[in-house]
Number of protein chains: 2
Amino acid sequence: MSTTRRTPRARPETLAKRTEILRAATATFGAKGYARGPLTEIADQVGITHAGILHHFGSKDQLLVEVLKFRDRTDVEGLQDQRMPDGLDRFRHLVRTAFANESRHGIVQAYAVLSAESVTEDHPGRAYFEERYRTLRQDLRDAFEDVCAERGITAPATVDRAAASILAVMDGLQVQWLLARDDVELGEASAFAIEALVAATLDPRPPVLGEPGAAPGDHDAAAGS
Amino acid sequence: MSTTRRTPRARPETLAKRTEILRAATATFGAKGYARGPLTEIADQVGITHAGILHHFGSKDQLLVEVLKFRDRTDVEGLQDQRMPDGLDRFRHLVRTAFANESRHGIVQAYAVLSAESVTEDHPGRAYFEERYRTLRQDLRDAFEDVCAERGITAPATVDRAAASILAVMDGLQVQWLLARDDVELGEASAFAIEALVAATLDPRPPVLGEPGAAPGDHDAAAGS
DNA sequence: GGGAGGTTACTACACTGTCAGTAAGTGAAT
DNA sequence: ATTCACTTACTGACAGTGTAGTAACCTCCC
């Protein structure tokens, strides 16, 4: 936890190689998923053997964890000088990210595939994604609280749902976009949805569908339709 | 090849066994994903060997396709007497489904895992999910058009984005719910989001975030945050 | 010269798919 | 109603492949 600097001496060359491996692993896990992404394919991309990869990362599981951490690290570097925006800017930032993602197919796919795969039995990435979503939801709740405080209104109880929904819609749109890039506009659709969800949270309107006492006990059967 | 399977004679016993296999396969693929869901585990559940499974379905790929088709078949049976609702009821139906899904963990997980996995290279389920989402989006677009026609308004250009977003938010919430069932209320959050997206589509308001000419060309780097 | 960054060679599995064979039907014709 | 020709529903053994991990050895650089 504390000083996880497992490799004491980091020669610059070595560090570069490791980064190269992490990038290659992202590509392979993105293209084939973790379960079907062989170490040999990753090794080929960086011109070594699969045993060389294991020399650096110990195990495939560990490699996945490092890949995930690596992404977070570089993401933060992307806006190192400017702090993560807060208030409404936090949501604008999400929209910008969605547009930017349209030209980052590989990473989008890696995250989409790995996050869903992580819910399976004994998946090495599970803890990472649990933590990630928990943090992001908290993050967005905070942004909502900020905006409400600024406006002198009390944050509604729906901020929980809104925070989860915003992340959800971004993820879900990514999957649809990956399956049909001609039919789904990732950036535009995300912008629309985030706008709608933020508006509904900050300035609620009477329900269109009528929900309050809606009986959940329903003998209905359509998994995702 | 040579002695191909000519639509095997459907003895009632056999059909029952096949259904049993499909159910077991759903469980295994749900729990472990397709890539990591071995035929032997499915076979064990129904008391035969993995070769027996292959006798019925020819290949693992084919089994997956049948599993997916099977789900659709049973889903439709669930509301055979009453047609799929249209207009606003279509959206209410989605909300009810989301609540119902809270007690159908296994199927939800199977769909969440398999849909994301399907975007990977040469995945046997890809065509199915492409088709599924295309159909569902069209379905929701139609529902929007109906409501707009009823109200004598012209459907806005955002119906495309809204349709994709509604499906997206449902899927995305499922993943978060599977990762943290105590923190995410699948039904309630889906209800909130669908309500918000339908309202924003049918009765648009001025933007809170301000988007029109927002420059997409942004040197930003946060994959999913 | 000692350790970091590899390699080759190998072990040990975990799976999928094939194949030959068997037992239990099925459906005429006898 | 029994026999004969054939099919269905498997089993058990195994081939083949893909793959993670290990061990021993090489080979530079500091």
Side-chain angles (χ1 to χ4, degrees), chain A residues 5-25 27-29 31-67 117 120-125, chain B residues 1-25 27-29 31-67 117 120-125:
Chain A
R5 200 50 54 176
R6 50 183 333 103
T7 44
R9 252 149 305 250
R11 259 198 303 170
E13 268 185 334
T14 305
L15 212 59
K17 192 69 168 183
R18 248 169 235 205
T19 304
E20 213 186 329
I21 293 170
L22 290 172
R23 232 180 286 276
T28 288
F29 292 157
K32 303 191 173 181
Y34 175 75
R36 287 213 164 150
L39 288 180
T40 47
E41 182 180 303
I42 297 165
D44 283 353
Q45 290 176 72
V46 300
I48 63 176
T49 64
H50 91 275
I53 306 278
L54 290 170
H55 167 72
H56 284 292
F57 294 97
S59 74
K60 193 188 178 189
D61 281 12
Q62 191 54 36
L63 172 61
L64 175 64
V65 172
E66 298 291 338
V67 164
E117 199 178 351
T120 58
E121 268 179 23
D122 299 327
H123 196 282
Chain B
M1 295 312 184
S2 45
T3 50
T4 1
R5 45 204 90 270
R6 295 280 98 180
T7 318
R9 297 285 171 250
R11 259 197 306 170
E13 269 185 333
T14 304
L15 212 59
K17 191 68 169 183
R18 258 173 224 204
T19 304
E20 213 187 327
I21 293 171
L22 290 171
R23 232 180 286 276
T28 287
F29 292 157
K32 303 191 172 180
Y34 174 74
R36 285 203 168 159
L39 289 180
T40 48
E41 183 180 302
I42 297 164
D44 282 353
Q45 291 176 70
V46 301
I48 64 175
T49 64
H50 89 275
I53 306 280
L54 290 171
H55 165 74
H56 284 292
F57 295 96
S59 74
K60 195 188 176 188
D61 281 11
Q62 191 53 37
L63 172 61
L64 176 64
V65 172
E66 298 291 337
V67 163
E117 201 178 351
T120 59
E121 269 177 23
D122 299 326
H123 195 282

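Heavy-atom basis, side chains included; hydrogens, waters and symmetry copies ignored. The shown structure was predicted, so the numbers you read here are calculated from the model rather than taken from an experiment. Note on naming: letters A, B, ... go to the chains in the order of the sequence lines (proteins, then strands), and numbering restarts at 1 for each one.
For the pair A:Thr28 (side chain) and A:Ala25 (backbone), a donor-acceptor distance under 3.5 Å is absent.
One can place CZ of B:Phe57 at 14 Å from C1' of D:dC10, the figure rounded to the nearest angstrom. Residue A:Arg18 contributes atom CZ, which lies 9 Å from atom C1' of C:dA4 at whole-angstrom precision. D:dG18 atom C1' lies 13 Å from atom CD of A:Glu41, rounded to whole Å. Atom-to-atom, CD1 of B:Ile48 to C1' of C:dA23 comes out at 16 Å; the value is rounded to the nearest Å. In this entry the distance linking CG of A:Leu15 with P of C:dG6 reads 12 Å, nearest Å. Rounded to a whole Å, the CG atom of A:Asp61 is 13 Å from the C1' atom of D:dT19. The CD atom of A:Gln62 sits 13 Å away from the P atom of D:dT22 (whole-angstrom rounding). Per the geometry, NZ belonging to B:Lys17 stands 11 Å off P belonging to D:dA9, to the nearest Å.
Minimum atom distance to the side chain of B:His56 is reached by D:dA9, of the listed D:dG21, D:dA9, C:dG17. Considering only the side chain of A:Ser59, D:dG21 comes nearest among D:dA9, D:dC10, D:dG21.
Applying the side chain to side chain donor-acceptor pair (under 3.5 Å) criterion to B:Gln62, with sequence neighbours excluded, gives B:Glu66. Considering only residues two or more places apart in sequence or on other chains, A:Ala24 meets the side chain to side chain contact (heavy atoms under 4.5 Å, CB included) condition with A:Ile42, A:Gln45, A:Val46. For A:His50, the ring-ring contact (aromatic ring centres under 6.0 Å, His included) test picks out no residue, with sequence neighbours left out. With sequence neighbours left out, A:Glu20 forms a side chain to side chain donor-acceptor pair (under 3.5 Å) with no residue at all. A search for side chain to side chain contact (heavy atoms under 4.5 Å, CB included) contacts involving B:Thr49 returns B:Ala51, not counting sequence neighbours.
Note on residues 39-50 of chain A: pairs passing salt bridge (Lys or Arg N to Asp or Glu O under 4.0 Å), not counting sequence neighbours, are A:Lys32-A:Glu41. Applying the salt bridge (Lys or Arg N to Asp or Glu O under 4.0 Å) rule to pairs touching residues 48-65 of chain B yields nothing, sequence neighbours excluded.
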Look for any protein N or O under 3.5 Å of an N or O in nucleotides 12-16 of chain C and output each such pair with its distance, or none.
| unit_1 | atom_1 | unit_2 | atom_2 | d |
| --- | --- | --- | --- | --- |
| C:dT16 | OP1 | B:Lys60 | NZ | 2.9 |
| C:dT16 | OP2 | B:Leu39 | N | 2.8 |

Between the protein and nucleotides 23-27 of chain D, which nitrogen or oxygen pairs are less than 3.5 angstrom apart?
none

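Side-chain N/O atoms of B:Thr14 include one lying less than 4.0 angstrom from OP1 or OP2 on D:dA9. Between B:Thr49 and D:dG12 there is no side-chain N or O to OP1 or OP2 distance below 4.0 Å. Look at B:His55 and you'll find a side-chain N or O under 4.0 angstrom from OP1 or OP2 of D:dA9.
Two residues are said to be in side-chain contact when any heavy atoms from C-beta on lie closer than 4.5 Å; B:Ile48 and B:His55 fail this criterion.
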